[in-house]
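Just below is one structure, and these are the notes that go with it.
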Protein chains: 2
Amino acid sequence: MFYTVGEIAKKLNIPPSTLRYYDKEGLLPFVERSSGGIRMFSDKDFESLSVIECLKKAGMSIKDIRLFMEWCAQGDATISDRLSLFRRQREQVLSQIRQLEETLEILDYKEWYYETALQAGTCAIHENTDPQKIPKRFQNIQRRLHHPPSQDP
Amino acid sequence: MFYTVGEIAKKLNIPPSTLRYYDKEGLLPFVERSSGGIRMFSDKDFESLSVIECLKKAGMSIKDIRLFMEWCAQGDATISDRLSLFRRQREQVLSQIRQLEETLEILDYKEWYYETALQAGTCAIHENTDPQKIPKRFQNIQRRLHHPPSQDP
DNA sequence: ATACAACTTAAAGTCAGCTTTAAGTCAAGA
DNA sequence: TCTTGACTTAAAGCTGACTTTAAGTTGTAT
């Protein structure tokens with residue numbers, strides 16, 4: 001069973017122009033063509049496209065994904081390259097998650113900050129406040145916001 | 001105590017050109033100027049810059065951050081706007097984290113896939129494999145990779 | 001056979017978020 | 001006072017990831 005670019009684009013919920021762009025950039029060396037030059041995507045191409053989507057979500061550039069697809073096309077000689085790529089990307093994603101969790105803590109603090117300001121009717125409630133009256137889980141964050149990690153010796 | 005753009009840039013570990021760009025885009029309405037027109041950053045500007053950094057990490061655009069800074073400059077009348085902004089951004093970051101965790105599962109599966117292929121010396125080991133022999137935690141992922149969620153009725 | 005929607009390409013356009021360049025100004029030390 | 005390094009602006013340039021356009025081709029339905 002084959003699909004045209006428009007059909008598979010609908011299934012993946014992305015614009016056909018994006019798939020054509022990926023093809024032009026060498027991300028889709030596996031797509032076949034009809035005698036007239038029309039792209040023919042097969043069912044097994046789904047998996048490759050899903051992996052591309054995964055690598056994009058992991059933050060990889062088009063260029064690096066192309067390299068990976070080239071490795072795939074080269075066969076078993078590149079297995080260890082591909083393995084270390086996935087290990088690297090896994091670490092990358094873990095550190096992105098950690099980063100977002102730090103960001104989340106600051107957002108939580110700011111939510112609390114504006115909830116209390118809203119109750120008080122003014123942000124002035126947070127001026128000259130006894131640090132002890134800030135909820136414990138926000139004390140570190142508040143301190144870091146006020147004195148960001150210094151860069152010098 | 002005041003800092004020039006170069007000094008504060010070094011402390012924040014970002015290029016001075018970026019700070020000038022942010023200023024031009026209206027993100028830094030709070031910076032004062034010397035009589036000669038030189039930007040003078042104060043210690044209390046650290047907090048604003050840290051919040052900008054946080055919002056950037058949360059995925060907000062320059063444009064939306066400018067809007068927030070304008071609200072800050074407008075005072076207590078905009079507290080509830082700012083509160084709902086932080087609530088929205090918090091949800092946003094949570095869903096980014098969930099997204100990355102899904103991505104992580106796929107990367108884990110691929111790591112296992114290539115580890116076993118490396119041991120076997122070939123990716124062919126994964127062809128026509130009994131689904132029961134795939135570790136349980138990967139069975140759903142493998143199925144989803146092969147048959148992505150359909151878009152049609 | 002013809003119409004017509006969906007395909008094809010190359011090339012240009014768009015957008016965000018900076019970065020670089022050019023020409024000039026400021027301010028601290030010798 | 002002069003030099004010098006860091007500052008100023010406006011404007012142009014860059015990168016990545018698409019998107020749009022224009023001109024033409026394919027293939028299915030009538």
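The basis for the numbers below is simple: all heavy atoms, side chains too, and nothing from hydrogens, waters or symmetry mates. No experiment lies behind these values; they were computed from the predicted model shown. In what follows, every chain begins at residue 1, and chains take the letters A, B, ... in the order their sequences are listed.
With DNA chain C read from its 5' end, the first of the two nearest nucleotides for Arg20(A) and Pro15(B) is the one closest to Arg20(A).
Remark: Lys57(B) engages Glu53(B) in a salt bridge, criterion side-chain N to carboxylate O under 4.0 Å. Asp23(A) and Arg33(A) are joined by a salt bridge, as a carboxylate oxygen and a charged side-chain nitrogen come within less than 4.0 angstrom of each other. At a threshold of 4.0 Å, the pair Asp108(B)-Arg87(A) does not count as salt-bridged, since none of the basic side-chain nitrogens sits closer than that to a carboxylate oxygen.
A donor-acceptor distance shorter than 3.5 angstrom exists from the side chain of Glu7(A) to the backbone of Thr4(A), with no hydrogens or angles considered.
The environment of CD1 in Ile125(B) is sparse: at most 12 heavy-atom neighbours from other residues, nucleotides or ligands sit within 6.0 Å. Heavy-atom contacts from other residues, nucleotides or ligands closer than 6.0 Å to CD of Glu32(B) number 12 or fewer. Under a cut-off of 6.0 angstrom, the local environment of CG in Asp130(B) is crowded, with over 12 non-hydrogen atoms contributed by other residues, nucleotides or ligands.
In this structure, the CG atom of Leu28(B) is 11 Å from the P atom of dT8(D), given to the nearest Å. Following rounding to the nearest Å, Lys24(B) (NZ) and dT8(D) (P) show an atom-to-atom distance of 13 Å. As rounded to whole Å, 9 Å separates atom P of dG16(D) from atom OH of Tyr21(A). Atom CE in Met40(B) sits about 12 Å away from atom P in dT8(D), given to the nearest Å. Atom CZ in Arg39(B) sits about 17 Å away from atom P in dA6(D), given to the nearest Å.
Residue contacts shown for Thr18(B) are limited to sugar-phosphate atoms, with no base heavy atom under 4.0 Å away.
Atom SG in Cys54(B) sits 9.0 Å away from atom CG in Leu104(A) (nearest 0.5 Å). Rounding to the nearest 0.5 Å places NZ of Lys11(A) at 12.5 Å from CG of Leu49(A).
A cation-pi contact links Lys110(A) to Tyr113(A), judged by a cut-off of 6.0 Å to the six-membered ring centre and 45° from its axis.
Contact footprint of chain A on DNA chain C: nucleotides with an atom under 4.0 Å from a non-hydrogen protein atom, first to last in 5' to 3' order, dC7(C) to dT9(C).
The stretch residues 58-69 of chain A touches DNA chain D through Ser61(A), Ile62(A), each having a heavy atom under 4.0 angstrom from the strand.
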I'd like a list of close polar pairs between nucleotides 23-30 of chain D and the protein, N/O only, cut-off under 3.5 Å.
from: dG27(D); atom 1: OP1; to: Ser34(A); atom 2: OG; distance (Å): 3.0

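Ring geometry, Phe86(B) versus Tyr114(A): the interplanar angle falls under 30°, so the pair is classed parallel (tilted spans 30 to 60°).
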